[in-house]
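All heavy atoms count here, side chains included; hydrogens, waters and symmetry mates do not. Each chain gets a letter, A, B and so on, in the order the sequences are listed, and its residues count up from 1.
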Protein chains: 2
Amino acid sequence: MKNKKRTTIYDIAEKLNITASSVSRALNNSNYVNENTKKLILKTAEELNYKRNTLASNLRKGHSKTIGIVVPRINQNFFSNVIAGIEEATYQKDYNLIICQSSESQSKEIKCVNTLINQHVDCIVISVSVDGTDYQHLQNVLDHGIQLIQFDRVADELETLKVINDNEQASFEAVSHMIEQGYKRISLLEGPQNLQIFRQRKTGYLNALKKYDLPIIDELIVENAWTKELGAEATRKVLSISEPPDAIFASTSDFSALGVLEVATAMGFKVPSQLGICGYSNEAFTELTSPSITTIDQFSSYMGKTIANLYFQEMENKEEIEVVPKIISIKPKLIIRSSTKKNGD
Amino acid sequence: MKNKKRTTIYDIAEKLNITASSVSRALNNSNYVNENTKKLILKTAEELNYKRNTLASNLRKGHSKTIGIVVPRINQNFFSNVIAGIEEATYQKDYNLIICQSSESQSKEIKCVNTLINQHVDCIVISVSVDGTDYQHLQNVLDHGIQLIQFDRVADELETLKVINDNEQASFEAVSHMIEQGYKRISLLEGPQNLQIFRQRKTGYLNALKKYDLPIIDELIVENAWTKELGAEATRKVLSISEPPDAIFASTSDFSALGVLEVATAMGFKVPSQLGICGYSNEAFTELTSPSITTIDQFSSYMGKTIANLYFQEMENKEEIEVVPKIISIKPKLIIRSSTKKNGD
DNA sequence: ATAATTTCGACAATCGATTGCAGAATACAA
DNA sequence: TTGTATTCTGCAATCGATTGTCGAAATTAT
C-alpha cells in the first residue's frame, strides 16, 4: 500500500531513451512525434501501467476539468436527480464532479465554496442553503474567474447564470386547478420567504386567487411550513380555526403535503372530498399515498442536463463574447392526482 | 471571467519583500516564521483574496485529500444516503469527494475508476455494477497504492476492505417472520446471482425454509426480478400457477416489492391476508403504500459514516502495520409493517 | 547536387506550493 | 567578549506534465 512509486512519463522516457516531452506529446496524440515512436511509447505506457497524473497536468494547463456542486442535501430526491443529470452530461466530456452538501447551513456552504475555489474547479453549480442572507462568497467565485451557475434556489440579486423553474406559473396553475375543482378556501403553506422560489410560489397563489376573485385570507397562509413536521403542525392549526380551509397547497414540498395528509386523515377530514391537497416536487411517494397526491414535477434530471449544457455552451463563447447573465427557466408540470379531485372522476 | 490571474504565494512574497517559502510556512502555520511576519502575511493574503491552489499543493505533497466514490446510481436512495453519510464524516477532516456513477455498466465503471486513479485520490469507495464479472480494474487500484473500500455490492474474491450488510441474516429473519405469521408457500424474487448480496439473500431464504421444515419449491423462485417492472412480471407469473404462493419476498428491492403489490392488488389478491409481501431497503415509500410494506433497513447513512471512519482508521495504521483485508458487517433491521400481518394486529 | 521545407525530438521553462539545507540574525550563557 | 543555542529566512530542488523554441535530420523541390 505505502510508498508505491507510480510510473511517470520520465520513467517511460528513460526506458526508451528519449525525453519526457516526446512521451507527453505521444500521450496527447500530438503530430510532432513519429508514428513509430508514438506506438512504442503507447505500448510501453501500457506495459508499465502508466496513469497520467491529472494533478500535474491540470496545474500546468491551468484548469481542472472539474465542476463543483453545492446542494443543501445530496440525498434529497430533487437534488440527487439534478446531480445525476449533470453527471450524465459531463461524463461524456470527461469532466469530474466534486460534490458538497451545505446541510442547509450557510457557514458550511461558504466553506464548501472556498474548498472548490481552492480546487480550481472550472465551474461551481449551487443551490443555496435556506438560511442564506449574504452572498459575498458567491461574488468571490466570480472574482476568481470561475463560472458560477445557480439553480433552483438562487440569490436573485447576483447576476449570474441561472437555471430555475417557473415557480410562479406552476403555483398559479396548481391553485387555479384547485379552484376549478370547486375548492374555495385554499390554504397556503409557504416556505422561508428569504428564498426567491418560495416568494414566487406565493405570488402564483395570490395571482390565482385574484384571477378567480377569491379573497386573500391571512389566517389561511402559514409561514415556514416546509418539512413534514412543520406541515403537519400547520395543518393542525388551520384545520382547527372556526372556518377551516377546504384545500391546502403545500407549496414547499411533497413532504409537507404528506404531513398535511396524515394530520387531515387523523382529524377525520376526507381527502379529497372535504379537503384538497397539493404538494410540490413530484417525489416518488406522492403516487403511492392514498389518495395519491397532486403535485408539480420539476424535471429535475433534465434540469441537471440543462445546467451542464449551459456551462459547455458558455465555455465555447468565453473567448469571443462577454459573458452576460442568463436565466433559463424550465416550466414545471402540474401532475393531477386523486388528492384534488373534489368531485371524483 | 477570462484570464483572471489569481494571487499566488509569490505575489504575497513580492509585495512584502520576502520569499515564497516564508509565505508558505506562514500559511501552513509553521513555527519557523516570525510571529509578526506571520501575522503580516496572513493579513496580506486576506487583502489580496488569496486562495491556495490545492492542485499545486497536492502535487507536491503527493496526496489529494480526496476520496473517489463509484456507485451504480447517485439518485438511488440507498446510495445517496451512503454518500451523504460519507460526506458528513469526511467533511470534518477536510476531505473532498469526487463522485461518479457507473449506471450499472461495468465499462463505465472501469472508466470512472481510471479517472479516479488519474486524479490521485487517496481512496476509492465502490459498490460494483450489476454486470460485473472481471475485477482487474479494482486490482489496479490496489496496484497504484490507493486504498480501496468496497461496500454493499462487493467482489468477494478480491481481498480488500469491505463494509457490507449481513444480507443472509436479514433475509433469514424476514422469511422466518413470514413463516411465523403463518405463510407457508413463500416465493422468492431474487436478483442477479453474480452479485454476492443476492446470493446471500437467497441463502438466508433457503435456511429459513429449512429451519421450519418447509419444502423448497423451484417454481416459486424467480430469477432476476429486481426492478419494479420485473417484479411485477414475476408476480403475474407466480400468481398464475396452479398453486400460487401465499407470500412473496422481493429480496432485491422495495421497488420490486412495489411491483408485486400493484400486480397482486390488480389481480384481486388481498394483501396481507391472502398474500404477504416483504421488500428490501426501507425506501421511504414503503411506509406510505397501502398496506405499508414490511422491509429491511440497511442503515445506509450509518454505513457511509462507517466507510469513512474505516478509511481514517486504516490511514493511521498505514505506516506501522501491514494492511489486512477487513470486513465490517452491519446487521440490517427487519421493519415489520402491515403487508406481512397475515392475521391482522 | 543544392536549396527549401517538413518532420521530429531535445532542452528548458513553467504551473504553484512545499521542504531540506544552510546560513544569517538574534538571544542567552559563561 | 566569546561561544553556544535558538529562531528565522532564503535558496534551490521537487512534485509530474506541458509547451515554445531551436536545431538536427529527413524529405521534397529546384
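Rounded to an integer number of Å, the gap from B:N34 CG to C:dA24 P is 19 Å. Atom pair B:Y32:OH and C:dA22:C1' shows a separation of 14 Å (rounding to whole Å applied).
Using a 4.5 Å heavy-atom threshold, the side chains of A:L116 and A:C100 count as touching. Residues B:Y50 and B:L27 meet the side-chain proximity criterion, which asks for heavy atoms closer than 4.5 Å. In this structure, the side chains of A:V128 and A:Q196 stay at 4.5 Å or more apart for every pair of heavy atoms. No side-chain heavy atom of A:E104 sits under 4.5 Å from any side-chain heavy atom of A:D131.
No hydrogens or angles considered: nothing links the side chains of B:Q313 and B:N309 as a donor-acceptor pair under 3.5 Å.
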Quiz item: Can you list the steps and then say if A:T90 with A:F312 is a side chain to side chain contact (heavy atoms under 4.5 Å, CB included)?
Solution: CA-CA 9 Å; A:T90 51; A:F312 292 128; 4.0 Å; yes

Quiz prompt | Derivation of the side chain to side chain donor-acceptor pair (under 3.5 Å) call for A:T19 and A:S21 | solution = CA-CA 5 Å; A:T19 45; A:S21 23; 3.3 Å; yes

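A:S30 comes within 4.0 angstrom of no nucleic acid atom, judged by non-hydrogen atoms across all strands. Among the atoms of the strands shown, only primed sugar atoms or phosphate atoms (P, OP1, OP2) are found under 4.0 Å from some heavy atom of B:N28. Residue A:S24 is in base contact, counting any heavy-atom pair closer than 4.0 Å across all strands shown. Using a 4.0 Å heavy-atom criterion, one finds that B:T37 contacts the sugar-phosphate atoms exclusively. Using a 4.0 Å heavy-atom criterion, one finds that A:N31 contacts the sugar-phosphate atoms exclusively. If you check every strand for non-hydrogen atoms under 4.0 Å, B:R52 touches sugar and phosphate atoms only.
If you check residues 12-22 of chain A against DNA chain C, the residues with a heavy atom closer than 4.0 Å are A:N17, A:I18, A:T19, A:S21, A:S22, listed by number.
For the atom pair CD (A:E87) and CG (A:N96), the distance works out to 9.5 Å, reported to the nearest 0.5 Å.
Residues A:L59 and A:R25 both approach DNA chain D. Their nearest nucleotides, taken by heavy-atom distance, put A:L59 toward the 5′ side. Toward the 5′ end of DNA chain D lies the nearest nucleotide of A:N53, the other residue of the pair A:N53 and A:K61 mapping further downstream.
The footprint of chain B on DNA chain D, defined by a heavy-atom cutoff below 4.0 Å, extends from D:dC8 to D:dG16.
In this pair, A:F151 and A:F78 present their aromatic rings tilted. The plane angle is within the 30 to 60° band.
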